[in-house]
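Because the structure is predicted, anything quoted here is derived from the model rather than measured. Throughout, a chain's letter reflects where its sequence line sits, starting with A, and its residues are numbered from 1.
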Amino acid sequence: MNPVNSDANVYVLKPPNADAPVRPLARDYAQELNPQQLAAVEVVDGPALVIAGAGSGKTRVLVYRVARLIDSGIDPASILLLTFTRKAAQEMLGRVGLLIGPHSDRVMGGTFHSVANQLLRRYGRAIGLEPGFTILDRGDSEDLVNLLRVQVGLGETGRRFPRKRTIVEIFSKASNTLRPLDDVLLNEYAHFVDYRVELEALQKAYEATKRQRQLVDYDDLLLRLRELLAVDDPARRMISGTWRYILVDEYQDTNRLQAEVVRHLAATHENVMVVGDDSQSIYSFRGATFRNIMEFPDQFPGTRIFKLEENYRSTQSVLALANAIIEGATDKYSKTLFTHQQQGERPILVQTVGENPQSRFVVQKILELREEGVPLENMAVLFRSSFHAFDLEVELVKQGIPFLKRGGFKFIETAHVKDLVAHARIVHNPLDNVSWNRVLQLVDGVGQKRAKDLIAQLVEAEASYEVLRQGGGRSALGLCHLAEALESASQVEDASPPDQLQRLLNYYYPILKEQYDDYPKRIRDLEHLMVMAERYANLEEFLADLTLEPPETSVTEVDAPGRDERLVLSTIHSAKGLEWHCVFVLWLVDGRFPSTYAFQDEDGLEEERRLLYVAVTRAKRLLYLTFPVQVYDKITGTILSKPSRFLDDVDASLVEPLSVVEDGDAWRWQS
DNA sequence: CACCACTCCGTTTTT
DNA sequence: CGGAGTGGTG
């Protein structure tokens with residue numbers, strides 16, 4: 001008898017979560033939180049503001065408050081967690097999951113942009129947005145501006161007409177600060193004020209095209225959500241009825257636009273708690289202002305305010321340096337961090353004679369620490385700008401130290417990935433002229449002019465791929481192949497993203513091979529993209545995630561043979577909210593950190609100072625600040641030799657100087 | 001009109 | 001070092 005077919009007893013697998021207790025185990029909140037944290041966690045209704053210093057348990061408060069709300073019988077699905085960065089969002093949601101278990105799935109959370117994306121897909125029709133809209137990343141926005149610049153008749157760019165990058169930056173600044181273009185130009189880009197009329201025309205065209213083509217840039221996600229909430233009563237009622245408890249992390253990094261969105265979301269119930277630290281406000285370049293924190297109590301009268309000042313992360317020595325750095329800030333909430341932790345070792349100020357010795361010092365020290373038992377993943381190297389780590393990356397590769405770089409140039413921004421994705425975007429949204437433009441120009445014999453004409457024809461023909469087959473000449477064959485590939489990818493029965501991508505890749509492969517000498521490496525990237533696509537049931541989600549939550553690593557990444565043991569290299573911006581046992585901060589040299597770029601105005605310098613504060617407060621125990629002197633700076637043509645001005649105010653007793661010399665070097669630097 | 005080879009300029013941080 | 005603009009060629 002076949003045992004498989006016999007009348008075996010049946011064991012039923014329950015759907016996940018079905019049986020999880022609605023009320024998790026009772027927690028002793030008073031035991032696990034300090035009095036200030038507890039007070040904040042116990043808020044149920046009404047607006048609240050938590051001013052939280054670095055390492056003071058900010059995320060802990062948010063997470064415990066979510067648990068507490070659920071414990072008190074509130075439906076997890078009525079809780080909404082918002083932050084600006086993906087890193088913070090992941091951290092927050094992950095810890096909620098750990099603390100409250102299965103029900104955390106029903107808590108809605110993510111970045112402002114990803115939440116806006118989801119809401120707009122669902123309710124956007126009310127404001128003329130089809131659910132299939134395409135999200136433009138920064139590069140796409142620049143391409144569109146470029147395209148329009150020609151169309152609007154700004155072909156001959158005057159000598160000093162802003163570059164596309166700058167143009168997009170200006171538009172974005174206007175959106176994020178809710179100001180007219182004029183105002184931004186006058187105050188922050190006065191040197192381009194002569195082009196006011198042209199830029200305004202360009203902006204109009206940019207806005208109009210996006211609406212016509214179902215294109216949405218990062219800022220639009222927020223602008224249009226705000227519009228939806230303001231204009232469409234049913235949607236607003238639905239949305240604010242669903243999420244009755246709103247929590248916002250990193251509030252000092254939100255801008256006026258985001259504050260408006262929060263205000264709208266919370267308009268009916270005012271159950272909104274925001275958490276932030278004015279000393280860690282480092283996103284003013286995109287309109288963030290810690291005034292949002294200051295003005296929150298005005299926006300929501302009756303706001304309860306809590307302050308968290310006990311630091312649980314760092315030793316006293318690290319904290320003393322952090323306090324000294326922020327002491328010099330001109331504008332801040334008064335707030336003094338203290339800790340009950342041990343003194344610990346003083347931060348070490350390392351002087352080297354150049355860039356490469358700096359890199360080699362870091363590498364050598366890392367190896368030493370690992371010998372002493374500090375795992376690689378408990379160490380991080382932080383820097384102001386992504387390229388500051390180039391030399392170090394080379395040294396790490398030489399020594400075979402596995403690392404993961406965060407911030408800077410992303411996988412998704414490489415030309416070949418963008419190319420393939422552009423094909424997929426057309427399949428999903430045939431109106432997307434930005435992608436059409438890119439894709440058409442890849443065809444042999446098609447340039448700017450031909451692409452423009454074809455796009456115009458495509459609109460007339462309601463985006464029928466037939467248009468591509470009608471032309472003659474050199475490009476005829478290429479365009480036919482393109483049409484075939486797009487049709488094939490559009491018509492897959494049971495369309496699955498990997499399958500669709502495969503069809504597009506078959507078409508794109510020869511182009512890739514033709515275009516790049518290093519195509520084998522690029523093919524591997526595209527295969528990686530296919531693997532990512534396997535997790536998605538439809539193109540729409542895949543494409544949206546690719547733009548909103550792209551793989552967090554940069555292109556440079558060395559694979560570790562031994563699982564996850566990896567050193568982290570990160571921009572300071574990308575390191576926010578994280579912590580490591582040992583932290584290296586590179587380039588403490590005037591001109592690099594603070595960057596020459598920030599020298600011009602006081603505000604810029606202040607932000608650099610806060611940035612350093614953020615960097616320093618990432619360290620739990622060990623902190624190395626390195627400064628190479630005698631480095632030639634190509635930008636200014638000068639030799640950088642002055643230690644960062646932020647160290648000027650720091651009392652010498654707070655750090656331990658160390659100078660690095662070559663083995664066998666006859667002379668030494670004085671420290 | 002497309003494309004290649006050349007020169008010159010400017011160089012952050014994130015969704 | 002890459003991107004943008006220029007000028008020549010096919």
Under-4.0 Å side-chain N/O to phosphate OP1/OP2 contact, [X] with [N]:
X	N	answer
A/Ser574	B/dT14	yes
A/Arg86	B/dT15	yes
A/Thr571	B/dT14	yes
A/Lys164	C/dA4	yes
A/Arg165	B/dT12	yes
A/Arg149	C/dG5	yes

Would you indicate what [X] reaches in the nucleic acid, counting non-hydrogen atoms under 4.0 angstrom: base, sugar-phosphate, or nothing?
X	value
A/Arg138	base
A/Thr111	sugar-phosphate
A/Asp137	nothing

Rounded off to whole Å, could you give me the [atom1]-to-[atom2] distance for the [X] and [N] pair?
X	N	atom1	atom2	value
A/Lys173	B/dT15	NZ	P	17 Å
A/Gln448	C/dG5	CD	P	10 Å
A/Asp444	B/dC1	CG	C1'	13 Å
A/Leu221	B/dT14	CG	C1'	14 Å
A/Glu169	B/dT13	CD	C1'	11 Å
A/Ile282	B/dT13	CD1	C1'	8 Å
A/Leu605	B/dT12	CG	P	17 Å
A/Arg610	B/dT13	CZ	P	18 Å

Inset, instruction - Apply salt bridge (Lys or Arg N to Asp or Glu O under 4.0 Å) to A/Asp525 and A/Lys521, showing your working. - result: CA-CA 7 Å; A/Asp525 284 348; A/Lys521 202 174 113 207; over 6 Å; no
Legend entry - Ring-on-base stacking B/dT13 with A/Phe285 (under 5.5 Å, under 30°):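 It does: the ring sits over the base of B/dT13.
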Quick one: list whatever passes salt bridge (Lys or Arg N to Asp or Glu O under 4.0 Å) with [X], sequence neighbours left out.
X	result
A/Asp253	A/Lys576
A/Arg138	A/Glu142, A/Glu169
A/Arg425	A/Asp140

Legend entry - Side-chain donor-acceptor contact under 3.5 Å, A/Gln258 with A/Glu260: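 The criterion, which ignores hydrogens and geometry beyond distance, is not satisfied for A/Glu260 and A/Gln258.
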Inset, instruction - With a 4.0 Å heavy-atom cut-off, tell me which residues in residues 246-260 of chain A come close to DNA chain B, sorted by residue number. - result: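 Residues of residues 246-260 of chain A that come under 4.0 Å of DNA chain B do not exist, since none gets that close.
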Legend entry - Out of B/dT14, C/dA4, B/dC1, whichever nucleotide has its closest atom nearest the side chain of A/Arg163: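 Shortest atom-to-atom distance from the side chain points to C/dA4.
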Legend entry - Results of ring-ring contact (aromatic ring centres under 6.0 Å, His included) for A/Phe542 - residues two or more places apart only: A/Tyr536
Legend entry - side-chain hydrogen bond (donor to acceptor under 3.5 Å, both in side chains) partners of A/Lys513, counting only residues at least two apart: none
Legend entry - Most 5' of A/Arg474 and A/Tyr283 on DNA chain B, judged by nearest nucleotide: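 Closest to the 5' end, via its nearest nucleotide, is A/Arg474.
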Legend entry - Any N/O donor-acceptor pair, A/Arg384 side-chain to B/dT13 base, under 3.5 Å: yes
Inset, instruction - Would you mind checking if A/Lys210 and A/Asp220 are paired as a salt bridge, meaning a charged N to carboxylate O distance below 4.0 Å? - result: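 Counted as a salt bridge, because a side-chain N and a carboxylate O are separated by less than 4.0 Å.
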